[in-house]
Structures are given as C-alpha cells and as structure tokens.
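Inspection log for the structure reproduced underneath, given as structure tokens.
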Amino acid sequence: MLERQSKPLDFSACKIPEHVAIIMDGNGRWARSKGLPRVAGHRAGAENLRRIINACVEFGIKILTIYAFSTENWGRPESEVRGLMRIFARVLDQEIGELHEQGVCLHHLGDLEGVEAKLQDKVRRAIELTKDNDRLVLNVAFNYGGRAEILHAVRQMLADDISPEILTEELFSSYLFTRGLKDPDLVIRTSGELRISNFLIWQAAYSEYYPTPAFWPDFGREGLYEAIVAYNKRDRRYGLVPDES
Ligand code: IPE
Ligand code: IPE
Ligand code: MG
C-alpha cells in the first residue's frame, strides 16, 4: 500500500540517519480526541506504522526500531491488552507477505516467552521468512523493557562465565537484543511526552532525541521527514568539542 499521491520531499541537503527508533505514543489520546475507544487508536496506530515502514524504505533508512509493547504495558486493563495482541497478530498475518517483498528483515527485541503461544509462533515464522532480506531491518520491541534487557544480558554473561577483566562495552552490547546493529542515530517520541519510558536505555546513550506533539496515528511520512530535517541540524559531539574546521 504505497501512497501514490505523496508529496515529493527534498533530501538534497539531508543526511539520512541509518538507524531510527520510534516510541509510538498517543494512540489512546488520539482515539479519545475523536470520541473513539482506545483500541480504535491502536488500530489507527498500526495503519500509520505501515506508512512509516514504506517511508523508511523510500528514504533509505536501514534500521527502524519501534516500541510496540513494553514490559509495563501488561498492567493496562485486560481488554486493552487483549485488543493489542489481536492487532499484532492480525498485522503480522496481513502484512508479512508485503514486508517480505519489500525486503524487510524482521527482528524481535524482548521476551517472546511471556506472549501467547500462537502469537509467538507467528513472530518466529515471520523472522524465519524474512531473515535474508537486507533493505530494511525492522526491530519490533514487543514485551520489551530496557532494564529487563540489561538483566537478561547480565544473566547470559554470568552463564557464559565472562570474567570482569574481559568485559567491554562492545562485549556487553553483543549480549543485548540489538546485537550486531548500530546504535540508534535518532529516537523519535510522538504525543509530546518527554521521557524515555524504558526504551533502549543502553543503546540510545548518544542518540539524538526528537519529541513531537503529533499523536502516533497522525505522525506520517511528512512527520518523519521533518524529524530527519531536524536531525540534520544537530551537532553530534559525543562529549568532544565542536568541529570548527
Ligand atoms: C502507544 O499509545 C501504544 C502503546 C503503548 C501500546 P498509548 O496507548 O500509550 O496512548 P496514550 O499515551 O494513552 O495516548
Ligand atoms: C511507551 O509508551 C511504550 C510504547 C510506546 C509501547 P507508554 O504510553 O507505555 O509510556 P508512559 O506510560 O507514557 O511512560
Ligand atoms: Mg502512552
């Protein structure tokens, strides 16, 4: 479903971030502003995700990481959690063929064990189907928490008898769900909230942060373009002094 009448965007002076991560927030408020139930917001959010994946392929972004469901989101009302799980399952069924054709390689960040068996199965099959694709890596953070990810890594390292002397940041990173992938260049959060909410707390140490007031279902391709334009105005110093050459 590529949008046919999309406006041409000018990327001539733009460096495309290689890895973009998004906290897709504001579905509930989007729905409330329209007098709809929260789950309608999640459905609209899933439709927007389609638009954003298409835009990432179009713009040449290589890695997209999306925060779909946090370890804390289980605490929401049961009906909302059930509605979300149903949407994830349906989106996987309906979209995986086209994602595969587009060259999207699906990864999962988080703990699949906590998820219903049928959904686990769908995720595993989708990962297997798309594993050799290389146009866009799509990391879906689902039943994901940054702290849980760090604990998981530490447990694995202890089980592997990693000795303190050999532990480096690189080795630690190789135990995270994002192993082998570049850290995010740009982290976008929709809906105006100014917090990280347990997302990529290790990997986003030097990411550029872009909050936008748009609710996630309204963010869209042009919203992503504006985020990239803003990213291009940033001076990434990594603790050093500005480059004045
Ligand atoms: C993001 O939208 C989706 C998930 C967290 C699953 P929200 O559901 O958090 O929407 P708001 O923040 O309540 O508006
Ligand atoms: C973060 O949004 C999680 C996802 C987008 C999946 P939340 O809506 O759960 O975060 P808080 O509660 O505003 O921090
Ligand atoms: Mg929220």
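Counting convention: from 1, in listed order, for ligands and their atoms alike.
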**Complete:** Going by the 4.0 angstrom heavy-atom rule, the piece of Arg76 near ligand 2 is side chain
**Item:** Qualifying salt bridge (charged side-chain N to carboxylate O under 4.0 Å, His left out) pairs, either residue in residues 159-183, two or more places apart
**Value:** Lys182-Asp185
**Item:** Ring centroid separation Phe177 to His107 under 6.0 Å
**Value:** no
**Request:** Starting from atom 10 (O) of ligand 1, find the nearest protein heavy-atom neighbour and note its residue, name and distance.
**Result:** Gly28 N, 2.9 Å
**Item:** ligand 2 versus Met24: contacting region, heavy-atom distance under 4.0 Å
**Value:** backbone
**Request:** Report the protein N/O/S neighbours of the Mg ion (ligand 3) that fall below 2.8 Å; do not count waters.
**Result:** Asp25 OD1
**Request:** Would you kindly specify which portion of Ala141 sits under 4.0 Å from ligand 2, judged on non-hydrogen atoms: side chain, backbone, both or neither?
**Result:** neither
**Asked** Can you tell me if Glu18 uses its side chain to pair, donor with acceptor, with the backbone of Lys62 under 3.5 Å?
**Response** no
**Asked** Nearest protein heavy atom to atom 14 (O) of ligand 2, by residue and atom, and its distance?
**Response** Ser197 OG, 2.6 Å
**Message:** For atom 12 (O) of ligand 2, is there a protein heavy atom at a distance under 4.0 Å?
**Reply:** no
**Prompt:** So which bit of Ala68 gets within less than 4.0 Å of ligand 1, heavy atoms only: side chain, backbone, both or neither?
**Reply:** backbone
**Message:** If I apply the N/O under 3.5 Å rule, does Leu84 come out as touching ligand 1?
**Reply:** no
**Prompt:** When the aromatic ring centroids of Tyr210 and Tyr231 are compared, is their separation below 6.0 Å?
**Reply:** no
**Request:** Just let me know how Phe69 lines up against ligand 2, side chain, backbone, both or neither, with a heavy-atom cut-off below 4.0 Å.
**Result:** backbone
**N/O separation below 3.5 Å, Arg29 to ligand 1** = yes
**Prompt:** What atoms in ligand 2 come closer than 4.0 Å to a heavy atom of Arg195?
**Reply:** 11 (P), 13 (O), 14 (O)
